[in-house]
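Here is the structure we will look at.
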Amino acid sequence: MKKVNILGVKIDSITMGQAYEFAMNAIRSGGFHCIFTPNSEMVMAAKNKPALKDALNSADLLIADGIGVVYASRIIKDPLPERVTGFDLTKRLLEGIWKEGKSVYFFGGAEGVAEEAKANLEKEFPGIRVAGCHNGYFKPEEEAGIVEAINQSGADLLLVCLGAEKQEMWICRYRDQLNVSLAMGVGGTLDGIAGRVQRAPEFYQKHGLEWFYRLIKQPSRFVRMLALPKFGLYVLFHGKKYLKEEK
Ligand code: UDP
């Protein structure tokens, strides 16, 4: 698969349809696979954190969750075909596993979020097999038990929603012990499915303005969002250097 190198993070040049096929094949084939969904904040963070960069690049599929990553690929003249959000891919996969009788485990979010997500999905996809749930607030000594519970559940797909960086590092730490076929780090996806966080209306999504909608809804994100123009400028001045790196 062709990759596009954004500041050392090698994003797969793939459409939503191709990502879906890849993920469903991974779920069907058995063996461990993982998908990560970096946005520009994560790419910027990975620039200064080799462990995070290695974790991201170790994924079987790396999709451009944020529009900033897509713009960056255009700036360096190696354009990605489209934005493939973790949320949208997850929703499609949940429908896919429902049709094929595969099962999913929800790991992450505040107490009760995974169960609310499960209840909503059961309304949308009656009979969907949710093999288990665990919230995302735990002590390090509980982690072995969580891995055991996931394996005992027999889940095919594992959604890990612990927030950026924490979820990727967690999956990498336990990838050799997890018996799932596909693990995905998908941030606030369970909050979205549970209905605790509303996604931006389609207009904002279509025009690459989801960040703007979030800013209006949560002005406290302003400082965090200053990372976006900083990212754009960094890519403009230094982005091409990374293209020479080995693919
Ligand atoms: N989260 C979690 N455990 C943690 C930190 C976060 O389960 O230790 C959950 C949080 O409840 C939310 C999701 O991870 O459902 C995404 O968190 P956040 O929006 O802070 O992450 P980001 O926007 O960086 O992906």
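In listed order, ligands and their atoms are each counted from 1.
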Residue, atom name and distance, where the atom is the protein heavy atom closest to atom 7 (O) of ligand 1: Gly109 N, 2.8 Å
Taking atom 22 (P) of ligand 1 as the reference point, the nearest protein heavy atom with its distance: Ala164 N, 3.7 Å
Audit row: Ile27, Glu100, side-chain contact (heavy atoms from CB on, under 4.5 Å) steps and yes/no: CA-CA 10 Å; Ile27 292 170; Glu100 296 195 13; over 6 Å; no
Heavy-atom closest contact (Met42 atom, Pro38 atom, distance): CE-CA, 3.7 Å
For atom 13 (C) of ligand 1, closest protein heavy-atom neighbour: Gly187 O, 3.6 Å
Numbered atoms and elements of ligand 1 in range of Lys166, under 4.0 angstrom, heavy atoms: 4 (C), 8 (O)
Taking atom 1 (N) of ligand 1 as the reference point, the nearest protein heavy atom with its distance: Tyr137 OH, 3.2 Å
Location of contacts on Gln167 toward ligand 1, heavy atoms closer than 4.0 Å: neither
Heavy-atom gap Leu162 to ligand 1 smaller than 4.0 Å: yes
Nearest non-hydrogen protein atom, atom 12 (C) of ligand 1: Asp191 OD2, 3.2 Å
Nitrogen or oxygen atoms of Cys161 and ligand 1 under 3.5 Å apart: yes
Aromatic ring proximity His207/Phe203, centre distance under 6.0 Å: yes
Minimum-distance protein heavy atom relative to atom 21 (O) of ligand 1: Gly163 CA, 3.4 Å
Atom 23 (O) of ligand 1: nearest protein contact (heavy atom, Å): Arg224 NH2, 3.2 Å
Min N/O separation Gly108 to ligand 1 under 3.5 Å: no
Pair Tyr174 + Phe32: ring centers closer than 6.0 Å: no
Phe138, CZ: over 12 other non-hydrogen atoms inside 6.0 angstrom: yes
Transitive ILVMFWY side-chain link Leu159 to Leu56, under 4.5 Å: no
Sub-3.5 Å N/O-N/O distance, Gly136 and ligand 1: yes
Mode of Ala110 contact toward ligand 1 - side chain, backbone, both, neither (heavy atoms, under 4.0 Å): backbone
